Amino acid sequence: MNRTAMRASQKDFEDAMNQVKLLKKDPGNEVKLKLYALYKQATEGTCNMPKPGVFDLINKAKWDAWNALGSLPKEAARQNYVDLVSSLSPSLESSSQVEPGTDRKSTGFETLVVTSEDGITKIMFNRPTRKNAINTEMYHEIMHALKAASKDDSIITVLTGNGDYYSSGNDLTNFTDIPPGGVEEKVKNSAILLREFVGCFIDFPKPLIAVVNGPAVGISVTLLGLFDAVYASDRATFHTPFSHLGQSPEGCSSYTFPKIMSPAKATEMLIFGKKLTAGEACAQGLVTEVFPESTFQKEVWTRLKAFAKLPPNAVRISKEVIRKREREKLHAVNAEECSVLQGRWLSDECTNAVVNFLSRKSKL
Ligand SMILES: CCCCCC/C=C/C(=O)SCCNC(=O)CCNC(=O)[C@H](O)C(C)(C)COP(=O)(O)OP(=O)(O)OC[C@H]1O[C@@H](n2cnc3c(N)ncnc32)[C@H](O)[C@@H]1OP(=O)(O)O
């Protein structure tokens with residue numbers, strides 16, 4: 001069917017917008033910019049936003065893309081948008097045949113591998129080529145997997161990473177995907193998502209164990225303060241470069257880290273961005289035990305399988321007794337950290353750091 005010969009109806013356009021949300025493959029930044037520009041042209045007409053400053057690279061790229069469309073009529077922009085989406089997702093040609101959310105409910109995950117056996121549910125980050133950076137979809141999938149694990153018949157739940165990294169933390173491209181409501185809407189939604197995400201760790205009812213198979217960065221480190229045990233390979237490192245990124249601590253680390261490792265040691269990590277080896281993290285109490293890389297998996301999983309044979313009710317009740325004293329406080333800390341971060345994400349310090357990373361001028 002030659003779609004360019006047809007005129008896209010409003011319904012085609014809305015279907016295309018839904019298809020974008022369901023796209024399985026990441027279209028990449030260039031295509032995302034084109035989609036953004038065509039969407040704006042189709043809904044608002046010729047570029048009407050003020051030209052962003054020279055250092056505002058993300059909005060400048062958007063401005064350029066939108067401007068490049070010139071005086072393309074709205075209808076043509078709408079048709080081009082529909083065609084571009086169709087070319088990206090041929091299997092979703094008719095979105096009315098796809099039930100949004102079906103995948104997540106039934107057929108597994110895009111960014112995780114989740115398995116359950118021997119009384120252990122294992123949630124493995126599975127974006128090894130991106131060092132297991134946590135994109136928006138992965139935040140949602142981890143929450144979904146945790147909620148399922150809290151109700152399944154496993155005794156303990158384990159988080160680990162596929163490949164050479166445990167996780168490189170927040171996917172910095174999350175910040176480039178600006179919704180029609182603009183940057184303010186983006187940071188507001190991100191803070192809501194982060195609060196809900198961290199809340200799932202605070203409320204998780206069974207022992208939660210991290211098997212840290214390699215380097216960990218950012219939120220994948222701070223969350224460890226909410227785990228019940230952390231086993232690390234001697235290849236792992238622990239790095240929270242928040243100040244370098246113009247950001248501030250999250251994952252309740254502003255509360256848990258000073259308690260776990262002393263306020264001064266927490267300052268070195270959370271404010272000055274000191275990267276710890278696995279041995280140092282163990283000495284500070286963030287890591288429970290370190291294993292040589294050569295025997296890491298074997299030793300840790302043998303131990304976990306033994307834990308998973310313990311009486312389930314006793315294990316669950318003990319976790320609740322330990323967590324309940326802190327739960328309210330942790331939720332309050334989480335809320336405050338997310339609110340502070342909302343301001344940070346709008347700052348020049350943060351924007352420049354993210355742009356620097358994305359344009360690969362500097363690496364941490
Ligand atoms: C809802 C929002 C909630 C936000 C919560 C707040 C969370 C805060 C944080 O987590 S702060 C920490 C953020 N993470 C980083 O700053 C790490 C950035 N990455 C790096 O510094 C490096 O990639 C590295 C040190 C992790 C690994 O370096 P190297 O071994 O040289 O590998 P590459 O850099 O070549 O990485 C391979 C490939 O993966 C991409 N990638 C890796 N990490 C991230 C990331 N965090 N975000 C986006 N992309 C990442 C990297 O760009 C490479 O892609 P390429 O091959 O260049 O296309």
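The model shown is predicted, which means the values in this text are computed figures rather than measured ones.
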J.: Check each of Val158, Asn162, Thr115 against Met124 using the side chain to side chain contact (heavy atoms under 4.5 Å, CB included) test, and report the only one that passes.
T.: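 It is Asn162; the other options fail the test.
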
J.: Are any side-chain N or O atoms of Ser243 and backbone N or O atoms of Ile271, one a donor and one an acceptor, separated by less than 3.5 Å?
T.: yes

J.: Can you check whether Leu341 reaches Glu337 side chain to side chain, under 4.5 Å on heavy atoms?
T.: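 No. Closest side-chain heavy atoms not under 4.5 Å.
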
J.: Step by step, work out the side chain to side chain contact (heavy atoms under 4.5 Å, CB included) result for Val114 and Thr121.
T.: CA-CA 7 Å; Val114 181; Thr121 292; 4.1 Å; yes

J.: Is a side-chain N or O of His331 found less than 3.5 angstrom from the main chain of Gly199, in a donor-acceptor match?
T.: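 No, His331 side chain to Gly199 backbone: no donor-acceptor pair under 3.5 Å.
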
J.: Donor-acceptor pair, Ser253 side chain versus Pro249 backbone, under 3.5 Å?
T.: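 Judged by distance alone, no pair lies under 3.5 Å.
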
J.: Can you tell me how far apart CG (Asn334) and CD (Glu196) are? Round to the nearest 0.5 Å.
T.: 10.5 Å

J.: Has the side chain of Arg327 got a donor or acceptor atom that lies under 3.5 Å from a matching backbone atom of Asp203?
T.: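 Here the side-chain-to-backbone pair does not exist.
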
J.: Is it the case that the side chain of Arg235 and the backbone of Pro215 share a donor-acceptor pair, with hydrogens and angles ignored and the cut-off at 3.5 Å?
T.: no

J.: What pair of heavy atoms forms the shortest contact from Trp345 to Ala191, and how long is it?
T.: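 Looking at all heavy atoms of both residues, the shortest contact is CZ3-N, 3.6 Å.
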
J.: Could you tell me which non-hydrogen atom of Arg344 sits nearest to which non-hydrogen atom of Ser248, and how far apart they are?
T.: CG-OG, 3.5 Å

J.: Could you go through the side chain to side chain contact (heavy atoms under 4.5 Å, CB included) check for Lys131 and Asp164 one step at a time?
T.: CA-CA 7 Å; Lys131 308 290 180 195; Asp164 60 342; 3.1 Å; yes

J.: Just by modelled atom types, is the Thr111 backbone N or O under 3.5 Å from a matching donor or acceptor in the Glu141 side chain?
T.: yes

J.: Check whether any side-chain heavy atom of Cys252 sits under 4.5 Å from a side-chain heavy atom of Val333, and report yes or no.
T.: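 They are in side-chain contact.
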
J.: Could you give the distance from CG (Asp118) to NZ (Lys305), rounded to the nearest 0.5 Å?
T.: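 Here the interatomic distance stands at 5.0 Å.
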
J.: Are Lys40 and Glu44 ion-paired here, with the side-chain N under 4.0 Å from a carboxylate O?
T.: yes

J.: Check the hydrophobic clustering (I, L, V, M, F, W, Y; side-chain heavy atoms under 4.5 Å; chains of links allowed) and say if Leu270 and Phe272 are grouped together.
T.: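 The answer is no; the residues belong to distinct hydrophobic clusters.
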
J.: Would you call the rings of Phe291 and Tyr231 parallel, tilted or perpendicular if under 30° counts as parallel and over 60° as perpendicular?
T.: perpendicular

J.: Is Arg323 atom CZ crowded by more than 12 heavy atoms from other residues, nucleotides or ligands, each under 6.0 Å away?
T.: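 Above 12, so yes.
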
J.: Is a side-chain donor or acceptor of Ser220 paired with a backbone partner of Ser167 at a separation under 3.5 angstrom?
T.: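 Yes, Ser220 side chain to Ser167 backbone: donor-acceptor pair under 3.5 Å.
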
J.: For Ala308 versus Ile120, what's the shortest heavy-atom pair and its separation?
T.: CB-CG1, 3.7 Å

J.: Salt-bridge test for Glu137 and Arg130: reply yes if a basic N is under 4.0 Å from a carboxylate O, no otherwise.
T.: no

J.: Donor-acceptor pair, Thr160 side chain versus Val211 backbone, under 3.5 Å?
T.: yes

J.: Quick check: do Pro128 and Tyr165 have side-chain heavy atoms less than 4.5 Å from each other?
T.: no

J.: If the test is side chain to side chain contact (heavy atoms under 4.5 Å, CB included), which one of Asn132, Val221, Val217, Leu159 qualifies with Tyr166?
T.: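 Only one of Asn132, Val221, Val217, Leu159 forms a side chain to side chain contact (heavy atoms under 4.5 Å, CB included) with Tyr166, namely Leu159.
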
J.: List the steps and the verdict of side chain to side chain contact (heavy atoms under 4.5 Å, CB included) for Arg127 and Asn135.
T.: CA-CA 9 Å; Arg127 299 184 75 216; Asn135 63 6; 3.4 Å; yes

J.: Answer whether the closest heavy-atom distance between the side chains of Phe125 and Leu112 falls below 4.5 Å.
T.: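 Phe125 reaches Leu112 side chain to side chain.
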
J.: Count the heavy atoms of every other residue, nucleotide or ligand shown that sit under 6.0 Å from CD of Glu289, and state whether that count exceeds 12.
T.: yes

J.: Using side chain to side chain contact (heavy atoms under 4.5 Å, CB included) as the criterion, point out the one residue from Asp171, Asn170, Asp177 that pairs with Thr173.
T.: Asp171

J.: Can you name the closest pair of heavy atoms from Phe204 and Ala149 and give their distance?
T.: CZ-CB, 4.0 Å

J.: Is there a path of hydrophobic side-chain contacts, each under 4.5 Å between heavy atoms of I, L, V, M, F, W or Y residues, that connects Tyr139 with Phe109?
T.: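 Shared cluster, yes.
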
J.: To the nearest 0.5 angstrom, please state how far the CD atom of Gln284 sits from the CE atom of Met261.
T.: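 It is 6.0 Å, given to the nearest 0.5 Å.
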
J.: Please check if the side chain of Ser339 supplies one atom and the backbone of Ala335 the other of a donor-acceptor pair under 3.5 Å.
T.: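 Flag not set: sc Ser339 to bb Ala335 has no pair under 3.5 Å.
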
J.: Under 3.5 Å, side chain of Thr288 to main-chain N/O of Val230, donor-acceptor pair present?
T.: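 Yes, because the side chain of Thr288 sits within donor-acceptor range (under 3.5 Å) of the backbone of Val230.
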
J.: Show the nearest heavy-atom pair for residues Leu224 and Ala210, with the distance to one decimal.
T.: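 Smallest interatomic distance, heavy atoms only, reads CD2-CB, 3.5 Å.
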
J.: Taking C-beta and beyond as the side chain, do Leu146 and Leu208 meet within less than 4.5 Å on heavy atoms?
T.: yes

J.: What do the steps show when you test Leu194 against Val198 for side chain to side chain contact (heavy atoms under 4.5 Å, CB included), and what is the final call?
T.: CA-CA 6 Å; Leu194 179 61; Val198 174; 3.9 Å; yes

J.: Test Glu326 against every option in Glu328, Lys324, Lys329 by the side chain to side chain contact (heavy atoms under 4.5 Å, CB included) rule and name the one that passes.
T.: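 Of Glu328, Lys324, Lys329, side chain to side chain contact (heavy atoms under 4.5 Å, CB included) with Glu326 is met by Lys329 alone.
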
J.: For Phe201 versus Leu226, what's the shortest heavy-atom pair and its separation?
T.: CB-CD1, 3.9 Å

J.: Does Val287 reach the side chain of Leu276, with side-chain heavy atoms less than 4.5 Å apart?
T.: no

J.: Once you round to the nearest 0.5 Å, how far does NE2 of His244 lie from CZ of Phe357?
T.: 14.5 Å

J.: Quick one: do Glu280 and Lys265 make a salt bridge, cutoff under 4.0 Å?
T.: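 So Glu280 does not pair with Lys265 through a salt bridge.
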
J.: Membership question, hydrophobic clusters at under 4.5 Å side-chain separation (ILVMFWY): are Val187 and Val340 in the same one?
T.: no

J.: To the nearest 0.5 Å, what is the distance between CZ on Arg195 and CD on Glu336?
T.: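 With rounding to 0.5 Å, CZ (Arg195) is 11.0 Å from CD (Glu336).
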
J.: Among the clusters formed by ILVMFWY side chains lying less than 4.5 Å apart, do Val212 and Trp301 turn up in the same one?
T.: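 No, no single cluster joins them.
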
J.: Counting C-beta onward and ignoring hydrogens, is there a side-chain heavy-atom pair between Cys200 and Lys147 closer than 4.5 Å?
T.: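 Answer yes - side chains close enough.
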
J.: Check Val315, Asp228, Asp152 against Lys206 for a side chain to side chain contact (heavy atoms under 4.5 Å, CB included) and give me the one that passes.
T.: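 Considering Val315, Asp228, Asp152, a side chain to side chain contact (heavy atoms under 4.5 Å, CB included) with Lys206 is found only for Asp152.
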
J.: With rounding to the nearest 0.5 Å, note down the distance linking NZ in Lys122 to CD1 in Ile209.
T.: 13.5 Å

J.: Is there a ring pair (Phe, Tyr, Trp, His ring centres under 6.0 Å) between His140 and Phe197? Walk through the geometry before answering.
T.: CA-CA 8 Å; His140 286 288; Phe197 178 73; 9.3 Å; no

J.: Quick check: is Leu172 connected to Ile142 through a chain of hydrophobic side chains (ILVMFWY, heavy atoms under 4.5 Å apart)?
T.: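 Result: yes, single cluster for both.
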
J.: Using a 4.5 Å cut-off on heavy atoms from C-beta on, say whether the side chain of Asn213 contacts that of Ser233.
T.: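 Side-chain contact under 4.5 Å: no.
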
